[in-house]
Amino acid sequence: MENQTKPRHFIQRIIDEDNISGKFENRVHTRFPPEPNGYLHIGHAKSICLNFSIADEFGGKCNLRFDDTNPIAEEEEYVHSIQADVKWLGYDWEDRLYFASDYFQQLYDYAIDLVKSGKAYVCELTPEEIRETRGNLKEPGKESPFRNRSVDENMDLFTRMKNGEFPNGSRTLRAKIDMAHPNMNMRDPVIYRILHAHHHNTGDDWCIYPMYDWAHGLEDSIEGVTHSLCSLEFEDHRPLYDWYLEALDVYRPQQIEFARLNLSYTIMSKRLLKQLVDDNHVSGWDDPRMPTLSGLRRRGYTPGAIRNFMDEIGVAKRNNVMEMTKLEFALKSDLNKRSQRRMAVLNPLKVVITNYPEGEDELLDAINNPEDESAGKRQVPFGRELYIEQDDFMEDPPKKFFRLGPGREVRLRYAYFITCNEVVKDENGNITELKCTYDPETKGGNAPDGRKVKGTIHWVSAKHAINGDVRLYDRLFCVPNPASKENFIEALNPDSLTVINECKMEPELAHSEIGITIQFERLGYFCKDPDSNDNPIFNRTVPLRDSWAKIEKQLHSGAKN
RNA sequence: UGGGGUGUCGUCUAACGGUAGGACAUCAGAUUCUGGUUCUGAGGGUCGGGGUUCGAUUCCCUGCACCCCAGCCA
């Protein structure tokens with residue numbers, strides 16, 4: 001059972017069979033074809049990982065190709081961010097960076113071929129008329145009155161469309177297929193539309209732009225793609241994909257559809273994500289609450305975590321909604337292995353060690369990463385006045401509480417055992433300070449007499465602490481499937497961001513780098529935000545598992561009964 | 001009610017006619033200088049009904065449920 005190989009998903013099996021039959025001469029060539037109309041999100045990462053890993057596994061290649069056929073939606077900014085994100089994930093398209101717009105002339109020439117063979121015509125129906133004559137799910141459409149023009153007339157009109165003689169929306173080039181076809185995509189689909197618009201890549205060279213169905217299969221064909229992997233909603237388009245390639249008698253890649261990734265409590269629609277950005281519900285595409293790759297990166301996610309996650313979730317055809325806990329598990333297991341540990345106190349409570357000599361301090365050894373000996377050790381300053389977490393003290397603790405309380409002894413991580421002797425309060429009864437004593441014999445964290453303590457808590461020396469802000473993130477939405485709401489904005493979680501100022505951090509944290517995720521012991525993983533200046537800001541990537549919170553919950557629900 | 005897809009633990013995903021397995025989640029326990037990590041264990045599933053078969057998640061029939069399609073978006 002140790003040597004069981006991972007089961008192969010349906011796409012791998014299809015390729016296995018193609019390699020046996022020699023369908024593509026044992027070649028495997030995939031592509032990741034984003035439209036530059038927004039930032040990439042975790043759903044795209046599934047496609048990226050799939051396409052690049054398939055190519056890698058079979059010794060093939062994977063292209064990065066921008067499907068930039070709609071200048072109205074596309075922007076240069078997005079082509080840069082998309083490349084950065086794919087690289088960050090760790091994939092390399094080598095010299096194969098392509099644009100659909102690089103093929104515009106060739107795509108146009110192919111359209112001429114189609115016109116000449118009598119399989120396409122220039123239609124002068126308005127968009128509304130096209131819609132009305134398309135029929136519906138149970139009724140066939142009606143043929144366009146322009147359907148049977150001569151080849152010469154079509155050539156003339158199409159050339160003039162290209163030359164800019166007609167306004168937007170006045171004419172289209174349509175494939176002559178079957179207005180009664182049960183598949184709506186086959187009811188004389190539009191091939192070219194007139195769009196007098198500036199294109200990020202081709203400028204004003206063109207005023208007609210190809211539709212997705214025309215462009216995509218031809219791009220795949222031109223690039224010699226073997227397996228064109230796309231999401232389920234394109235299943236209905238496959239007959240058209242094949243029809244075009246067959247009509248043109250060109251090389252035919254194989255389109256295979258798989259189920260895209262969905263994650264609970266978030267949205268995976270570029271349109272909706274853009275709305276969050278445009279309406280300032282988040283700080284930008286890279287807001288750490290966003291499911292975008294740039295957001296996850298800023299949050300402190302690692303490429304390895306995302307790739308491992310994709311490896312775990314599999315590839316199939318059934319619609320799915322992954323639970324966020326699965327992603328977070330992949331994250332934490334990656335971070336646990338590679339993150340250095342530090343101590344930081346988010347909600348400080350002052351502790352005075354009354355028997356520690358005044359004015360003195362010392363340095364204590366702390367392990368950087370118990371999971372990785374090579375990470376070494378560091379020294380943390382200790383002194384008479386410290387900060388501990390407010391949650392780590394209870395004046396009247398329940399039996400299962402292992403932390404500090406009046407008369408109780410706990411271990412300060414990597415330091416000493418301390419016992420709480422006195423609780424100092426202000427006039428309102430709020431606890432402001434604890435007076436404790438330490439046992440000098442327990443330096444380093446162990447008692448020579450062998451006595452044990454139940455709890456170990458983290459701390460920071462008051463004198464040496466640096467201040468910093470911490471941003472605690474929670475899920476962006478309150479409901480499992482926000483996109484299904486009439487108005488998804490209403491499902492936004494009002495508590496998705498909590499900022500804590502003046503947290504107390506061990507001095508070593510002054511040197512932490514942006515983009516490197518570290519663990520604040522007992523709290524979670526944190527990553528320094530680019531907004532940081534002299535005052536560091538840390539984003540909480542993900543909290544650590546908190547089994548005390550679970551016990552506390554049980555205690556409370558038990559109390560009600 | 002046309003066409004195209006999909007139905008396996010709560011959530012993902014295997015099993016390709018031969019003991020329904022794994023992961024996450026949940027619960028219980030052990031270990032631990034992080035109530036982290038690690039380890040052990042438990043509960044929990046084949047959409048329904050027929051049929052073929054020694055044997056069906058798998059094949060056949062028949063229902064049912066869910067998703068996608070009526071952009072000059074991709």
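Letters A, B, ... are given to chains in the order of the sequence lines, protein chains preceding strands, and every chain is numbered from 1. Any value given below was found using the heavy atoms of this structure, including those in side chains, with hydrogens, waters and symmetry copies removed.
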For A:R238 and B:G4, is the shortest distance between a side-chain N/O and OP1 or OP2 below 4.0 Å? no

Using atom P of each nucleotide, how far apart are B:G49 and B:C27 to the nearest Å? 33 Å

Quick one: which of B:G36, B:A23, B:A70 gets closest to the side chain of A:L137? B:A70

Between B:U6 (P) and A:N319 (CG): distance, integer Å: 11 Å

At 4.0 Å (heavy atoms only), tell me whether A:F401 reaches a base, stays on the sugar-phosphate, or touches nothing. base

Taking N and O atoms by type only, does the side chain of A:K326 place a donor or acceptor under 3.5 Å from a partner on the base of B:A23? yes

Please report, rounded to the nearest Å, how far the P atom of B:C24 is from the CE atom of A:M322. 11 Å

Hey, does the Lys NZ or Arg CZ of A:R411 hover above the aromatic six-ring of A:F417, less than 6.0 Å from the centre and inside 45° of the axis? no

Is the A:Y414-A:F382 ring centre distance short of 6.0 angstrom? no

Nearest of B:U13, B:U37, B:C12 to any side-chain atom of A:I313? B:C12

Record whether the side chain of A:D236 comes under 3.5 Å of the base of B:G3 through a donor-acceptor pair of N or O atoms. yes

Select base, sugar-phosphate, or nothing to describe what A:R413 touches, counting heavy atoms under 4.0 Å on all strands. base

Could you work out which one of B:G5, B:G35, B:A14 sits closest to the side chain of A:R13? B:A14

Cation-pi geometry met for A:R149 and A:Y121 (6.0 Å, 45°): no

Between B:G41 and B:U57, how many Å separate the two P atoms, rounded to a whole number? 27 Å

With heavy atoms under 4.0 Å as the rule, sort A:I367 into base, sugar-phosphate or nothing. nothing

What's the closest nucleotide to the A:T325 side chain, out of B:G3, B:A25, B:G35? B:A25

Starting at CZ of A:F10, measure out to NZ of A:K317 and round the result to the nearest 0.5 Å. 5.5 Å

Inter-nucleotide C1' distance (B:U26, B:C59), Å rounded: 37 Å

Of all the nucleotides listed (B:U13, B:G35, B:U11), which has the minimum atom distance to the side chain of A:W548? B:G35

Taking atom types as modelled and ignoring hydrogens, do the side chains of A:D220 and A:Y241 form a donor-acceptor contact shorter than 3.5 angstrom? yes

A:F402-B:G35 aromatic stacking (under 5.5 Å, under 30°): yes

Is the shortest side-chain heavy-atom distance between A:E409 and A:R451 below 4.5 Å? yes

Main-chain N/O of A:H9 paired with A:Q12 side-chain donor or acceptor, under 3.5 Å: yes

Would you say a side-chain N or O of A:R341 is under 4.0 Å from OP1 or OP2 of B:U34? no

Its glycosidic angle compared against 90° from 0, B:G71 adopts the form syn

Distance check needed: B:C69 P versus A:Y241 OH, whole Å only. 20 Å

Hey, do the aromatic rings of A:Y438 and A:Y416 have their centres closer than 6.0 Å? yes

Distance, rounded to the nearest Å, where A:F329 contributes CZ and B:A23 contributes C1': 8 Å

Across the strands shown, which category fits A:V453 at heavy-atom distances under 4.0 angstrom: base, sugar-phosphate, nothing? nothing

For A:Q519 and A:E521, which I'm curious about, is there any donor-acceptor pair between the side chains at under 3.5 Å? no

Looking at every strand, decide which applies to A:E521 at a 4.0 Å heavy-atom threshold: base, sugar-phosphate, or nothing. base

Side-chain donor-acceptor pair present, A:H216, A:R31, cut-off under 3.5 Å: yes

Given that both pair distances must be under 3.5 Å and the pair must be Watson-Crick or G-U, what runs of three or more consecutive pairs involve RNA chain B? B:2-7 with B:64-69, B:10-13 with B:21-24, B:26-30 with B:38-42, B:47-51 with B:59-63

Anything under 3.5 Å between a protein N or O and an N or O of nucleotides 71-74 of chain B, put it in a table, one pair a line.
| residue | atom | partner | partner atom | Å |
| --- | --- | --- | --- | --- |
| B:G71 | OP2 | A:R134 | NH2 | 3.2 |
| B:C72 | OP1 | A:R134 | NH2 | 3.1 |
| B:C72 | OP2 | A:R134 | NH1 | 3.2 |
| B:C72 | N3 | A:G169 | O | 3.3 |
| B:C72 | N4 | A:L125 | O | 2.8 |
| B:C72 | N4 | A:P127 | N | 3.3 |
| B:C72 | N4 | A:G169 | O | 2.8 |
| B:C73 | OP2 | A:R193 | NE | 3.0 |
| B:C73 | OP2 | A:R193 | NH2 | 2.8 |
| B:C73 | O3' | A:R193 | NH2 | 3.2 |
| B:C73 | O2' | A:N70 | ND2 | 3.0 |
| B:A74 | OP1 | A:T69 | OG1 | 2.7 |
| B:A74 | OP1 | A:R193 | NH1 | 3.2 |
| B:A74 | OP1 | A:R193 | NH2 | 3.0 |
| B:A74 | OP2 | A:Y212 | N | 2.9 |
| B:A74 | O3' | A:D67 | OD2 | 3.2 |
| B:A74 | N6 | A:H237 | NE2 | 3.3 |

Quickly work out the A:R260 CZ to B:C68 C1' distance and round it to whole Å. 11 Å

Do A:Y108 and A:F158 make the cut of ring centroids closer than 6.0 angstrom? yes

Considering just the side-chain nitrogens and oxygens of A:K550, establish if one lies under 4.0 Å of OP1 or OP2 belonging to B:C27. yes

Distance-only donor-acceptor check, side chains A:Y212 and A:E35, under 3.5 Å: no

On the side chain of A:E371, is there an atom forming a donor-acceptor pair with the base of B:G36 - under 3.5 Å, no angle test? yes

By nearest nucleotide on RNA chain B, pick out whichever of A:A549 and A:N183 is the more 5' one. A:N183

Map A:E312 and A:F520 onto RNA chain B by nearest heavy atom, then report which one ends up closer to the 5' terminus. A:E312

Nucleotide nearest A:M184 when distance is taken to its side chain, options B:C27, B:U37, B:G2: B:G2

Euclidean distance for C1', B:G36 against B:A56 (whole angstrom): 46 Å

Give a yes/no on whether any side-chain N or O of A:S333 is located under 4.0 angstrom from OP1 or OP2 of B:U37. no

What's the closest nucleotide to the A:R545 side chain, out of B:G5, B:U37, B:G3? B:U37

Here the distance between atom P of B:G4 and atom CG of A:D242, to the nearest Å, is 15 Å

At under 4.0 Å, does any side-chain N or O of A:R318 touch on OP1 or OP2 of B:U8? yes

Mind checking the P distance from B:U37 to B:A25? Whole angstroms is fine. 9 Å

May I ask you to test the A:K553-A:I551 pair for a side-chain heavy-atom distance under 4.5 Å? no

Measure distances between side-chain N and O atoms of A:R403 and base N and O atoms of B:G35, and say whether any donor-acceptor pair falls under 3.5 Å. yes

A:L327 CG to B:A25 P, straight-line distance once rounded to whole Å: 12 Å

For the base of B:U34, is there a side-chain donor-acceptor partner from A:Q519 under 3.5 Å away? yes

Would you kindly give the NZ-to-P distance between A:K337 and B:U34, to the nearest whole Å? 20 Å

